[in-house]
J.: 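Following this message is one structure expressed as structure tokens.
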Amino acid sequence: MLTVQNISGGYHAKPVVKNVSFQVGKGKILGILGPNGSGKSTLLKIISGVLKPQDGQIIIDGHAIESYSVKQLAKKMAVLPQLHASSFSNSVYAAVSLGRYPHQNGFFSSWSKEDEQAVQTAMEQTGVARYKEQYLELLSGGEQQRVFIAQALAQNSELLLLDEPTNHLDIAHQKQILDMIRQQVEQNGLTVVSIFHDINLASLYCDELLLLENGEMRSFGLPHEVVLQEQIEDVYQARIATYPHPELPKPQITMLPAKEMQRHFAKVAVGDFRITKDYIEYTAQAPLKVVSSAVHNAGMGWYESFLNRAISPYYDINQVNEETVAFLQQHQFAPTNTVVMLTAVATKCAEIQSFSSGNCEIVVMVTAGVGNGIDVTKAYLRDEPFHIGTVNTWVFVNGKLSDEAFIQAMITATEAKTKAFTEQQVVDQQTKTIATGTATDSLLIAATQQGEEMPYAGPITEVGKLIGRGVFETTMAAIEKYKQAKN
Ligand code: ADP
Ligand code: MG
């Protein structure tokens, strides 16, 4: 659809844009990224024919851009510039209608049904139809931006060039505009080249990205090839981290504030755990980074309070979400800042121990309801519904873990728990083999994230050795307490 070949150009003899080449296929969105002043708008002006390139070629649908008349070009391509000085003191309707100019013939051409339809559709798609009699200057910046997008869409061209289309828009309107553009791309084969200020939006909505640095191409490719931590940090001169989007395979970034912005100090100690009849509680001095399979606030996040709640065997698990929030509020815990596990074991059977070596320290809490142990390797033979029985394990690390170390810590802790089951001869009552866990075990790894980062937590690392020994010994003791309580 669009081929840009070795384009250089700018405003004076010295080019702003230098030797840029790329292609965009029909029905694709290309996002242009780059810091302020890197030449994004200048590149778009060259592609749209506003600026003549000093070197190189623009080819649209196989024909050099110079071979199109102004009007032919306007039918092929609609442009939303970064700054719109024009068309003020027009009504919204009149402004959007200007988009139909390339479709008019001669001076006194009649306004066709098709023109009217295109204007109405564009106004509806951008949500500005209800202001159509309003004067443009009376609208907010975001509303004006939507009118200009409507004007470009009313043009019904095959190629849309946009310079920061979601500037001034709140997230609802960003989503509305970009979803709509994406829909035009997927359903009608529209091709879009758009400049983005926001790297995350660009990654989310674009098929391919072009990253400009001082007017030159630094990178071109799929979002996961362009949105790379070191590359973005280098080009934008800002510390960032990347993370996966929760629903789509599109990398996202987040800024990292200055290193001086220290968090509150936190250190986990056994003496700070509180055991009541209803729960085992630990509240840290500051939020800890957590990975867990808890009942409330599972997954990865930052949390300050941790509860292991003793519940009756008749607890209604179908109401667990609402009931947990109500319980937390009643006991003055913030539902958004607390991780909760449930156990049928009495809280007095909890075992809490700390382990340290060198400059590494962990605290482990276990409640071990092993009455309904399951041999996971034979679980496929079971036909009966499972019975409640739960081993809840908390591992607190006074230190900083990488993501990889968090995952390894979960494996290390699980292996240690299983070994305790073997030592304690916990038997799967149905298969009569040694159980490896129960049907509803939960595990939590929490770290203060202070000090030198520990990249790994496998069995032979310093922290892994503590976790292996700590979870094993604490689970052994917790199983013994459970057995004693039963007798
Ligand atoms: P971006 O859109 O990436 O922020 P621009 O393409 O607007 O960057 O600007 C790139 C460079 O070109 C900047 O150094 C800017 O000062 C210069 N520039 C932009 N517009 C003009 C102009 N009309 N005349 C002269 N220089 C300009
Ligand atoms: Mg710009």
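We count ligands from 1, going down the list as the structure has it; atoms in each ligand are counted the same way. Treat the numbers as computed from the prediction; the structure is a model and nothing was measured.
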J.: Distance check, rounded to the nearest 0.5 Å: Ser402 atom OG versus Gln449 atom CD?
T.: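 It is 8.5 Å, given to the nearest 0.5 Å.
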
J.: State, without any angle test, whether Gln120 and Glu116 hold a side-chain donor-acceptor pair at a distance under 3.5 Å.
T.: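 Result is yes, a qualifying pair exists.
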
J.: Using heavy atoms and a cut-off under 4.0 Å, could you grab the residues that are in contact with ligand 1, chain by chain, numbers ascending?
T.: Tyr11, His12, Val16, Pro35, Asn36, Gly37, Ser38, Gly39, Lys40, Ser41, Thr42

J.: Would you check if the distance from the ring center of Phe273 to the ring center of Phe396 is below 6.0 Å?
T.: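 Here the rings of Phe396 and Phe273 have centres that are less than 6.0 Å from each other.
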
J.: Lys45 and Tyr11: side-chain donor and acceptor closer than 3.5 Å?
T.: yes

J.: When you measure from the side chain of Asp179 to the backbone N and O of Gln176, does any donor-acceptor pair fall under 3.5 Å?
T.: no

J.: Can the positive tip of Arg274 be found less than 6.0 Å from the middle of the six-membered ring of Tyr282, inside 45° of the ring normal?
T.: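 No.
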
J.: Examine the side chains of Gln5 and Thr3 and answer whether a donor and an acceptor come within less than 3.5 Å of each other.
T.: no

J.: Spell out, as yes or no, whether a donor-acceptor pair under 3.5 Å connects the side chain of Asn297 to the backbone of Pro335.
T.: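 Looks like yes, one N/O pair under 3.5 Å.
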
J.: Measuring from the Mg ion (ligand 2), count protein N/O/S atoms under 2.8 Å, please.
T.: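 Near the Mg ion (ligand 2), the number of protein N, O or S atoms below 2.8 Å is 2.
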
J.: Verify the distance criterion only: is there a donor paired with an acceptor across the side chains of Asp163 and Ser41 at less than 3.5 Å?
T.: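 Looking only at side-chain atoms, Ser41 and Asp163 do form a donor-acceptor pair, the distance falling under 3.5 Å.
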
